[in-house]
2 protein chains.
Amino acid sequence: MSTSKPVRLTDKQFEQIAKALAEPRRYQILKKIGSCKKEGSMGCQAIQEEHNISAATLSHHIKELETAGLVTITREGKTMSLSVQRDVLHAYLEKLSKI
Amino acid sequence: MSTSKPVRLTDKQFEQIAKALAEPRRYQILKKIGSCKKEGSMGCQAIQEEHNISAATLSHHIKELETAGLVTITREGKTMSLSVQRDVLHAYLEKLSKI
DNA sequence: GCATCATTTAGATGATTATCTAAATATCGA
DNA sequence: TCGATATTTAGATAATCATCTAAATGATGC
């Protein structure tokens, strides 16, 4: 179960992750996605209701998280299902901890 | 020997750290400071020579790192001595790993 | 005090980016 | 197919921020 397979981050991805995490709202969104993972699906709707942002803005943030590799999107009909890529997050933390 | 005393990050500091780390150049600077720690002092000059930036820009970045609590500055006459606050960095990583 | 070296501050500029509205696309159920 | 729901795209705007130059501050040694 989530045996951290060795994830290798390119410099570019490392930067993308750092930027993705630097936006407070994005961090909150990521946390939300992570917290809901247990229950399975996590659509945009639930997130949007918490934050006071438009669907377009949320879409933008989610794309940033996805581009950075921090979340994966699986589509299930109308809604999307998001999940945190903890392997990637931990690879990032691992690299940072080397400082 | 750096027995990690419990550092508590405010939400604000957490954000400041994330933003400080999100700038590639700032990350490089922080890494440089960390790597030179063993030899003791780490002035701006050495950093500035590596990166191709003005003294003013470097000063700006260092202030961001300091404001975030990631580095401390001690003045020694003309030059400054920088050191990484690993306790703070690890508190940040710790919090991120909770996602 | 003056010249020099190290850093900071002020102020400006350009790039990046978070956000919005409006329109487009996609999926489902009736 | 139509209408409703969910998400994306396009395009615009405003805020943030990295960077610079020029000037200011501060410390050292002559």
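Computed from a predicted structure; not experimentally measured. Letters A, B, ... are given to chains in the order of the sequence lines, protein chains preceding strands, and every chain is numbered from 1.
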Listed nucleotide nearest any side-chain atom of A:R75, set C:dT17, D:dC17, D:dT7: D:dT7

Nucleotide of D:dA18, D:dC17, C:dA6 approaching B:K19 most closely (side-chain heavy atoms): D:dC17

Angle of first-five versus last-five pair axes in the helix from C:dG1-D:dC30 to C:dA30-D:dT1, to 10 degrees: 20°

Atom of B:V88, atom of B:Q13 and distance for their closest heavy-atom approach: CG1-NE2, 3.8 Å

Which whole-number value in Å describes the distance from [X] [atom1] to [N] [atom2]?
| X | N | atom1 | atom2 | value |
| --- | --- | --- | --- | --- |
| B:H60 | D:dT16 | NE2 | P | 14 Å |
| A:L21 | C:dT17 | CG | C1' | 16 Å |
| B:M80 | D:dG26 | CE | C1' | 12 Å |
| B:E23 | D:dC17 | CD | C1' | 9 Å |
| A:I62 | D:dA6 | CD1 | C1' | 11 Å |
| B:Y27 | D:dA18 | OH | P | 17 Å |
| B:Q16 | D:dC17 | CD | C1' | 15 Å |
| B:L65 | D:dC17 | CG | P | 14 Å |

Sugar-phosphate, base or nothing in reach of B:H61, heavy atoms under 4.0 Å: sugar-phosphate

Under-4.0 Å side-chain N/O to phosphate OP1/OP2 contact, A:R25 with C:dT19: yes

N/O (side chain, A:K63) to phosphate O (OP1/OP2, D:dT9) under 4.0 Å: yes

side-chain contact (heavy atoms from CB on, under 4.5 Å) partner of A:L82, chosen from A:I47, A:T74, A:T72: A:I47

Residue pair A:R26 / A:L65, side-chain heavy-atom distance below 4.5 Å: yes

Nearest-0.5 Å distance that lies between atom OG1 in A:T57 and atom CD1 in A:I62: 11.0 Å

Kindly say whether [Y] contributes a backbone atom to a donor-acceptor pair with the side chain of [X] at under 3.5 angstrom?
| X | Y | result |
| --- | --- | --- |
| A:T67 | A:K63 | yes |
| A:R25 | A:H51 | no |
| A:H90 | A:R86 | yes |

NZ/NE/NH1/NH2 to OD/OE distance under 4.0 Å, B:K19 and B:E15: no

Side-chain ion pair, A:D87 and A:R8, N-O less than 4.0 Å: no

Where protein sits on nucleotides 20-27 of chain C, one letter per nucleotide: B base, S sugar-phosphate only, - none, heavy atoms under 4.0 Å: BBB----B

